[in-house]
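The block underneath contains the structure these notes are about, expressed in structure tokens.
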2 protein chains.
Amino acid sequence: MTGKNETQSASEDSPEWSEIDPQVSELVNDIIGKVADKWTLLILEALDENGVTRFKQLGRFVPGISQKMLTQTLRQMECDGLVQRTIYAEVPPRVEYELTPLGESLGEAFCGVWKWAEQHHAEIEAARQRFAAGRGRA
Amino acid sequence: MTGKNETQSASEDSPEWSEIDPQVSELVNDIIGKVADKWTLLILEALDENGVTRFKQLGRFVPGISQKMLTQTLRQMECDGLVQRTIYAEVPPRVEYELTPLGESLGEAFCGVWKWAEQHHAEIEAARQRFAAGRGRA
DNA sequence: CGGAATCCTGTACGATACTG
DNA sequence: CAGTATCGTACAGGATTCCG
């Protein structure tokens, strides 16, 4: 149980992170690790663009994903509160997925990285070719 | 590969990103995939905080990383132009790593995600427990 | 000290088949 | 249609060892 109240330091909006709790760091890192997953990001984007989407259609929006990973990732995201899963007890069965506010906020947060990638991908490619050309380049 | 031209739906839901090349998307996604790696992020952060750092010391800054992954990740980052590697031909050999401007900009871009994780980790944990408690829970 | 090479294990992921 | 279960493979990544 999480009986422990985290010492929420009153949300001190310190611009510099002079003191970083190692525990929080680990937790944050864990979150990043899961959230930064390739499929998670793609699903997040697909869901963000298309809103409420059914399982199979979602699979179509994410090219190359297997049904296993789709289910698995979706599960994880649901577990973390990023998506909401709605089951309609009808036949044929229909299940719809949509982003929670938390999921949407994550999408926005990642927007910065996305933009960065778009802005700098040329530089990265250039760097790669420079690297491949010969790192011994004096 | 995957050179299929997907039906580009002319959705102008994003005024800023009216035109998104699927190829660019793939590339960006590839970049995200590499950049969002657990070790990459940790090294990025360590380097961002400590500036110029030597190989072994860098390993100390990243708890739990093996020498293999340190080298490997560092290589990748150097290849992508995120870090600069400086070798001093002296004995004992000394190699220093530091972020390139590109690497620093990435750090800033990821700052948003980092902040998101710090702000919402409590919600995530709550969601997890809610999920674990029983998803059948009405 | 920095790092490359080797070995070995856990597991992430895809393909397939089956259920409700 | 949505999802689970099983199996097989490919690869990530840790421990160890050797070289500059």
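Note that this is a predicted model, so its numbers are computed, not measured. Chain letters run A, B, ... following the sequence lines, proteins first, then strands; residues in each count from 1.
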Less than 3.5 Å apart, which donor and acceptor atoms pair up between the side chains of residues 60-72 of chain A and the rest of the protein, not counting sequence neighbours?
unit_1, atom_1, unit_2, atom_2, d
A:S66, OG, A:M69, N, 3.3
A:T71, OG1, A:Q67, O, 3.0

Contact list (N/O, under 3.5 angstrom) for nucleotides 12-19 of chain D vs protein:
unit_1, atom_1, unit_2, atom_2, d
D:dG13, N7, B:K68, NZ, 3.1
D:dG14, OP2, B:S66, OG, 2.7
D:dG14, O6, B:K68, NZ, 2.4

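- B:E90 is linked by a side-chain contact (heavy atoms from CB on, under 4.5 Å) to B:Y88, B:R94, counting only residues two or more places apart in sequence or in another chain.
- At whole-Å resolution of the value, CG in B:L70 and C1' in C:dC1 are 13 Å apart.
- Partners of B:W116 by ring pair (Phe, Tyr, Trp, His ring centres under 6.0 Å), not counting sequence neighbours, listed by chain and number: B:H120.
- Dashed line: the shortest gap from a side-chain N or O of A:R85 to OP1 or OP2 of D:dA2 is not under 4.0 Å.
- For the atom pair OG (A:S105) and CG (A:L99), the distance works out to 9.5 Å, reported to the nearest 0.5 Å.
- The side chain of A:K56 contributes no N or O atom lying less than 4.0 Å from OP1 or OP2 of D:dA2.
- Checking C:dC1, D:dT4, D:dG3 against the side-chain heavy atoms of A:F55 singles out D:dG3 as nearest.
- Here the CG-OG1 distance, from B:L74 to B:T40, works out to 9.5 Å after rounding to the nearest 0.5 Å.
- Once rounded to the nearest 0.5 Å, the distance linking CE of B:M77 with CZ of B:R75 reads 13.5 Å.
- Per the geometry, CG belonging to B:L74 stands 10 Å off P belonging to C:dA4, to the nearest Å.
- At the heavy-atom level, B:Y97 lies under 4.0 Å from the strands shown only through sugar-phosphate atoms.
- Across the helix from C:dC1-D:dG20 to C:dG20-D:dC1, the helix axis at one end is tilted relative to the axis at the other end by 40° (nearest 10 degrees, each axis from five pairs).
- Between A:Q76 atom CD and D:dG3 atom C1' there is a gap of 17 Å when expressed in whole angstrom units.
- We find the OG1-CZ distance between B:T100 and B:R85 to be 15.0 Å, quoted to the nearest 0.5 Å.
- Residue A:R75 contributes atom CZ, which lies 8 Å from atom C1' of D:dG3 at whole-angstrom precision.
- The side chain of A:V95 approaches D:dA2 more closely than any other nucleotide in the set D:dT4, D:dA2, C:dG2.
- At D:dA2, one or more side-chain N or O atoms of A:R54 fall inside 4.0 Å of OP1 or OP2 (strictly under the cut-off).
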For B:R128 and A:D80: C-alpha separation, side-chain torsions, deciding distance, then whether salt bridge (Lys or Arg N to Asp or Glu O under 4.0 Å) applies. CA-CA 5 Å; B:R128 284 180 185 172; A:D80 290 344; 2.7 Å; yes

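- C:dG2 atom P lies 10 Å from atom CD of B:E96, rounded to whole Å.
- Residues passing the salt bridge (Lys or Arg N to Asp or Glu O under 4.0 Å) test with B:R54, sequence neighbours excluded: none.
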